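In this text the structure is predicted, and so the values were computed from the model without any measurement.
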There are 2 protein chains.
Amino acid sequence: MVCVSSQQLAERVSHVTTRLARMLRQQDEGELTLTFRAALATIERRGPLTLGDLAAIEHMAPPTVTKVVTQLDERGLIQRTIDPDDRRVTRVSVSPAGAALLAADRKRRTEWLAGELRRLSADERERLAAAVEVLEGLTSTEMQRA
Amino acid sequence: MVCVSSQQLAERVSHVTTRLARMLRQQDEGELTLTFRAALATIERRGPLTLGDLAAIEHMAPPTVTKVVTQLDERGLIQRTIDPDDRRVTRVSVSPAGAALLAADRKRRTEWLAGELRRLSADERERLAAAVEVLEGLTSTEMQRA
DNA sequence: TATTGTTATACTCTATAACTATA
DNA sequence: TATAGTTATAGAGTATAACAATA
């Protein structure tokens, strides 16, 4: 195995991430954009979450979270509740409609990428899966595991 | 090793890519944004390129390429030449200033991610490097190799 | 008529600064 | 005064549609 410089690896990760994100947005045929889907998936998996929690997990600025959550709410995909003990705090969780959409969208959404992945060898897929775990760790926060 | 479904893997790749791209843009301290840096790096590595070539390699729509190239040119980072045999065609290559900026920017730019990667084990870095190659293949086009 | 690239336009994603409501 | 979230605003990134220039 080649000796991997963190510097060079970082550049390649950065470049391929930029390009892949662009391609994923282009291919996007689902009901939800990448950003909304990521937020909703996190709310489903980790909810109920305060908006601050969601901001920390997804590494979004608070106003971005406000916007995303407002739109998800308008579409009936989440439920919002105000904490009775601290009325500044809002918690969100996925609604039945949101869970249904997420499930339905799952197929359509990743159709292109899943198709590409199917053309890889099993070995390549495993390498990718191993690396995805590394990246997931990198994009995690302490808060997230709490 | 776990059996990896392409469907599930695609979802995880998609989510982590979205989030990582957001984080990279936030951390971005360099002179060039992610998009400009990716385009300039490709021009350096593969140039001279026609704008159509660049569009194909980076999976950008033609108007996006026009905008990026115009700005890179205004900053003196690339050279543009019109093909004398077919005056519709423009070719771009990196200028000395562009190459210099790319080299200088390289450090600053990926500082955050490189730092994170340094905290990984050598094994994790190698897994990541292996996967980056897979992803690079996925985001390549036939044209690119020609 | 087909191809290369550009212009006009608009939408998504995202942030920073200033604010409101609550504690 | 400090914190959770919102509003106002702006900029980056990107695409589609219509166009111009050249072949």
Side-chain angles (χ1 to χ4, degrees), chain A residues 14-15 17-40 43 48-75 78 80-92 143, chain B residues 14-15 17-40 48-75 78 80-92 109 143:
Chain A
S14 174
H15 196 148
T17 298
T18 307
R19 194 187 285 179
L20 187 56
R22 189 184 300 127
M23 293 171 79
L24 285 166
R25 289 190 200 281
Q26 285 166 358
Q27 293 295 334
D28 199 337
E29 295 292 317
E31 302 281 328
L32 296 166
T33 62
L34 279 186
T35 296
F36 284 94
R37 178 158 167 59
L40 188 55
I43 293 169
L49 290 172
T50 70
L51 302 201
D53 291 342
L54 184 56
I57 294 172
E58 287 296 330
H59 297 269
M60 284 171 174
T64 305
V65 171
T66 294
K67 239 178 210 176
V68 169
V69 161
T70 299
Q71 291 190 44
L72 289 174
D73 190 33
E74 281 168 1
R75 294 176 63 179
I78 58 171
R80 300 176 70 136
T81 56
I82 294 174
D83 185 327
D85 294 340
D86 182 347
R87 310 224 333 276
R88 293 171 305 179
V89 174
T90 295
R91 280 195 181 72
V92 287
M143 186 250 105
Chain B
S14 174
H15 196 148
T17 298
T18 306
R19 194 187 286 179
L20 187 56
R22 189 183 300 126
M23 293 170 79
L24 284 167
R25 287 189 202 282
Q26 285 165 358
Q27 294 294 335
D28 199 337
E29 296 292 318
E31 303 280 329
L32 296 166
T33 62
L34 278 186
T35 296
F36 285 92
R37 177 158 166 59
L40 189 55
L49 289 172
T50 70
L51 302 200
D53 290 343
L54 184 55
I57 294 172
E58 287 297 329
H59 297 269
M60 285 172 175
T64 305
V65 171
T66 294
K67 237 179 212 177
V68 169
V69 160
T70 299
Q71 291 191 43
L72 290 174
D73 190 33
E74 281 168 3
R75 293 176 64 179
I78 58 172
R80 300 176 73 136
T81 55
I82 295 173
D83 184 328
D85 295 340
D86 183 346
R87 312 228 327 277
R88 292 171 305 180
V89 175
T90 295
R91 282 196 178 72
V92 286
R109 174 30 149 312
M143 184 253 105

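- Taking atom CZ on B:Phe36 and atom P on D:dG11, their separation rounds to 14 Å, with Å as the unit.
- Judged by distance alone, the side chain of A:Gln71 and the main-chain N or O of A:Thr66 form no donor-acceptor pair under 3.5 Å.
- The base of C:dT3 sits within donor-acceptor range of the side chain of B:Arg88, with an N or O pair under 3.5 Å.
- OP1 or OP2 of C:dT14 sits under 4.0 Å from a side-chain N or O of A:Thr35.
- Looking only at distances, no side-chain donor or acceptor of B:Arg91 sits under 3.5 Å from a matching main-chain atom of B:Ile82.
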**OP:** Starting from the C-alpha separation in whole Å, work towards a yes-or-no answer on side chain to side chain donor-acceptor pair (under 3.5 Å) for B:Asp73 and B:Thr70.
**Re:** CA-CA 5 Å; B:Asp73 190 33; B:Thr70 299; over 6 Å; no
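- Checked against C:dT14, C:dG5, D:dT22, the side chain of B:Arg87 finds its nearest nucleotide in D:dT22.
- Looking at B:His59 and A:Gln27, their side chains never bring a donor and an acceptor atom within 3.5 Å of each other.
- Residue contacts for A:Thr64: at a heavy-atom cut-off of 4.0 Å it reaches a base atom on one of the strands shown.
- A straight line from CG of B:Leu24 to C1' of D:dA12 spans 15 Å, rounded to a whole angstrom.
- Which of C:dT14, C:dA17, D:dT14 sits closest to the side chain of A:Arg25 comes down to C:dT14.
- Considering only the side chain of B:Ala61, D:dT16 comes nearest among D:dT14, D:dT16, C:dA15.
- Side chain of B:Asp86, nearest nucleotide from D:dG5, C:dT7, D:dA23: D:dA23.
- Judged by distance alone, with hydrogens and angles left aside, A:Lys67 brings a side-chain donor or acceptor within reach of the base of C:dT14, the pair sitting under 3.5 Å.
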